[in-house]
Amino acid sequence: MIREYKTIESINGPLMVVRRVSGVTYDEQAEIQLSDGSVRRGKVLEINGDTAVVQLYEPSAGINLAQSKVRFLGHPLELAVSEDMLGRVFSGMGVPIDGGPDILAEAHRDINGLAMNPAARDYPDEFIQTGISTIDGLNTLVRGQKLPIFSGSGLPHNQLAAQIARQAKVLDDESKFAVVFAAIGITFEESEYFVQEFTRTGALDRSVMFINLANDPAVERISTPRMALTAAEYLAFDKGMHVLVILTDITNYAEALREVSAAKKEVPGRRGYPGYLYTDLATMYERAGRHLGQPGSITMIPILTMPEDDKTHPIPDLTGYITEGQIILSRELYRKGVLPPVDVLPSLSRLKDKGIGAKKTREDHAGTMNQLFAAYATGKENQELIAILGEGALSPTDLKYAKFANEFERRYVSQGQDENRSIVETLDLGWDLLKILPENELKRIKPEFIEKYLHRDEQ
């Protein structure tokens, strides 16, 4: 039911106060018709008695309080969904911006979906190949998982996001796979990079893109990831597809949430962010997963830039509590020219053990993964000792570990942006690196696997 009012009392920045309303609900959509016939949109942020506070999506300049009318539309923000969304680019409000026609909707969905019921969740246990060795081999992504990437300002997380979107797949060739990509608060230059990269590589054909620019309203920034998740839920649970959702940059989303919270004069929490930041992030992240009895799934990779590279900042801190691990990018590796600069040791995928092994990746995966971790950690320690004491103070075995760490970064961690390694290539590369060490040092791998894979070229 549409209700119309001419009782606008005041406008303060993006907030409009409307008096003497009835039946208006929180998050309801509103249209403001100006005296010249043009229309601007907003949503209800707060209801207090017969007073509604409306957040405008567009600028408030030019709105005449006495001559403008407000219509409340009776429903929250919705997204028109259809399989025709694949291969299309939308704004953060779900409007096509690629010059193509409007979507012929099969349904209209409320973008404020619900977190998945824990009792209805199926356990994630199926390997997703990203083609990136540091993820596939050491911090494995599992279908239905939430695995964030913690980056820093200026690090190449956009290139990593595009590479994952382009290369990711499930090894079961019969499954339908799609990517939903949401760019939140990015620059026009970054937007052009993503669109051109997806188009150049053909990744756009299986993708749905939502792009919100830095000069778009803050309230649109808040809706963009929810638009993306609504599209993902439709493709996964209505169409039975395996959907990978990539959200970049969650920091821009949280900044917009803080801006809107300050405009509403809410009591701030840590670092000025609203006290409900944890709950708000959880309502997004927990929409990913697998439903019992349904073939489709949503796997999520949120990307966030840590302010001042601080892992204890509220945004990465709270994200780490909700999600199942993290991939951390290193400024030190980036300066060395290692791309992608994934810092292996503090990175973690809590579900990696569920998605690897015989009939999933390969029987030797768990052992080689543990051995590579241990050898790299020892090699880094020995490199520090060499810097302090000199090479003469270390044993020949210690020097081999230090050499291993260098080769590991150069050959395993570093790979070209267009280099798509299969899981077999990643595992074989790990074995090649382990040949640097004495065989009696490989204590985390079963002897039968050492015999089968370490000497495979000699057989």
Side-chain angles (χ1 to χ4, degrees), residues 130-140 155 160 325-349 352-353 356-357 361-417 419-459:
T130 65
I132 297 167
S133 292
T134 46
I135 298 176
D136 294 347
L138 302 174
N139 297 288
T140 311
L155 295 182
L160 181 59
Q326 67 278 329
I327 304 293
I328 297 179
L329 302 191
S330 161
R331 202 170 292 280
E332 179 187 348
L333 288 175
Y334 181 58
R335 291 193 186 110
K336 286 183 182 178
V338 175
L339 296 174
V342 175
D343 196 351
V344 168
L345 297 178
S347 297
L348 169 69
S349 170
K352 63 188 175 188
D353 293 331
I356 63 175
T361 53
R362 204 167 73 182
E363 58 187 352
D364 60 313
H365 192 158
T368 53
M369 174 182 68
N370 293 334
Q371 189 67 63
L372 288 168
F373 265 122
Y376 182 54
T378 303
K380 294 295 285 183
E381 289 174 5
N382 291 347
Q383 285 179 345
E384 291 176 7
L385 290 173
I386 289 172
I388 298 168
L389 304 175
E391 289 188 6
L394 273 70
S395 69
T397 300
D398 290 337
L399 292 175
K400 286 182 178 180
Y401 272 107
K403 179 186 176 184
F404 172 88
N406 282 328
E407 290 297 302
F408 181 81
E409 290 175 359
R410 187 178 68 84
R411 294 170 55 193
Y412 194 98
V413 179
S414 185
Q415 66 181 88
Q417 193 178 335
E419 185 178 356
N420 186 358
R421 295 177 185 163
S422 70
I423 184 60
V424 172
E425 289 172 329
T426 290
L427 292 171
D428 287 348
L429 176 58
W431 280 109
D432 289 341
L433 289 167
L434 290 173
K435 289 178 181 178
I436 296 171
L437 304 175
E439 193 170 316
N440 61 2
E441 290 291 313
L442 307 183
K443 299 170 183 173
R444 297 172 184 268
I445 307 176
K446 293 181 179 179
E448 59 264 33
F449 294 155
I450 294 175
E451 184 63 32
K452 182 176 180 180
Y453 294 104
L454 190 66
H455 307 295
R456 66 189 185 282
D457 297 333
E458 304 164 12
Q459 297 172 359

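- Taking CG from L138 and CD1 from I132, the interatomic distance works out to 12.5 Å, rounded to the nearest 0.5 Å.
- Taking CG of D136 as the start and CE of M369 as the end, the distance is 12.5 Å to the nearest 0.5 Å.
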Practice item. Begin with the C-alpha distance, continue with both residues' side-chain angles, and end with the deciding distance and a verdict on side-chain hydrogen bond (donor to acceptor under 3.5 Å, both in side chains) for T426 and R421. Key: CA-CA 6 Å; T426 290; R421 295 177 185 163; 5.4 Å; no
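- E441 places no side-chain N or O within 3.5 Å of a backbone atom of P438 that could act as its donor or acceptor partner.
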Practice item. For the pair N406 and Q383, evaluate side-chain hydrogen bond (donor to acceptor under 3.5 Å, both in side chains) and give the outcome as yes or no after the intermediate values. Key: CA-CA 9 Å; N406 282 328; Q383 285 179 345; 2.8 Å; yes
Practice item. Mind running salt bridge (charged side-chain N to carboxylate O under 4.0 Å, His left out) on E409 and K380 for me, showing each step along the way? Key: CA-CA 11 Å; E409 290 175 359; K380 294 295 285 183; 3.1 Å; yes
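- Checked by atom type, the side-chain pair S347/N139 shows no donor-acceptor distance below 3.5 Å.
- Within 6.0 Å of CZ on R444 lie no more than 12 heavy atoms contributed by other residues, nucleotides or ligands.
- Across all non-hydrogen atoms, the minimal contact from P340 to L160 is CB-CD1, 4.0 Å.
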Point to revise | Stepwise side chain to side chain contact (heavy atoms under 4.5 Å, CB included) check, L442 with L454 | key: CA-CA 10 Å; L442 307 183; L454 190 66; 4.0 Å; yes
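- One N or O on the side chain of H365 and one on the backbone of G137 form a donor-acceptor pair closer than 3.5 Å.
- One distance of note links OG of S414 with NZ of K336; it measures 11.5 Å at 0.5 Å rounding.
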**Study point:** F449 and T368: CA distance, side-chain angles, deciding distance, side chain to side chain contact (heavy atoms under 4.5 Å, CB included) verdict
**Key:** CA-CA 9 Å; F449 294 155; T368 53; over 6 Å; no
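- Salt-bridge check for E407 with R410: passed, with a basic side-chain N closer than 4.0 Å to an acidic carboxylate O.
- Looking at Q415, its side chain does come within 3.5 Å of a backbone N or O of S133 through a donor-acceptor pair.
- Distance CD1/I328 to CG/L345: 10.5 Å, rounded to 0.5 Å.
- Looking only at side-chain heavy atoms (C-beta outward), W431 and L372 stay at 4.5 Å or farther from each other.
- In this structure, NZ on K352 lies 13.0 Å from CD1 on I135, to the nearest 0.5 angstrom.
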Check your understanding: How far apart are the C-alpha atoms of I386 and L399, what are their side-chain angles, what is the distance that settles it, and do they pass the side chain to side chain contact (heavy atoms under 4.5 Å, CB included) test?
Key -> CA-CA 9 Å; I386 289 172; L399 292 175; 3.9 Å; yes
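- A tilted orientation is assigned to the rings of Y376 and F408, their planes being inclined by 30° to 60°.
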Practice item. Take Y412 and V344 through the side chain to side chain contact (heavy atoms under 4.5 Å, CB included) test and state the conclusion after the steps. Key: CA-CA 11 Å; Y412 194 98; V344 168; over 6 Å; no
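- Judged by distance alone, the side chain of N382 and the main-chain N or O of D398 form a donor-acceptor pair under 3.5 Å.
- When all heavy atoms of S349 and T140 are compared, the pair lying nearest together is OG-O, 2.6 Å.
- The closest side-chain heavy-atom distance from L155 to R331 is below 4.5 Å.
- In this structure, CG in D428 is found 11.0 Å from CG in L433, a value given to the nearest 0.5 Å.
- Closest non-hydrogen pair, L394 versus G390, comes out as CD1-O, 3.8 Å.
- Remark: the backbone N or O of L329 is not paired with any side-chain donor or acceptor of D343 at under 3.5 angstrom.
- Salt bridge E363/K452: present, at least one basic N to carboxylate O contact under 4.0 Å.
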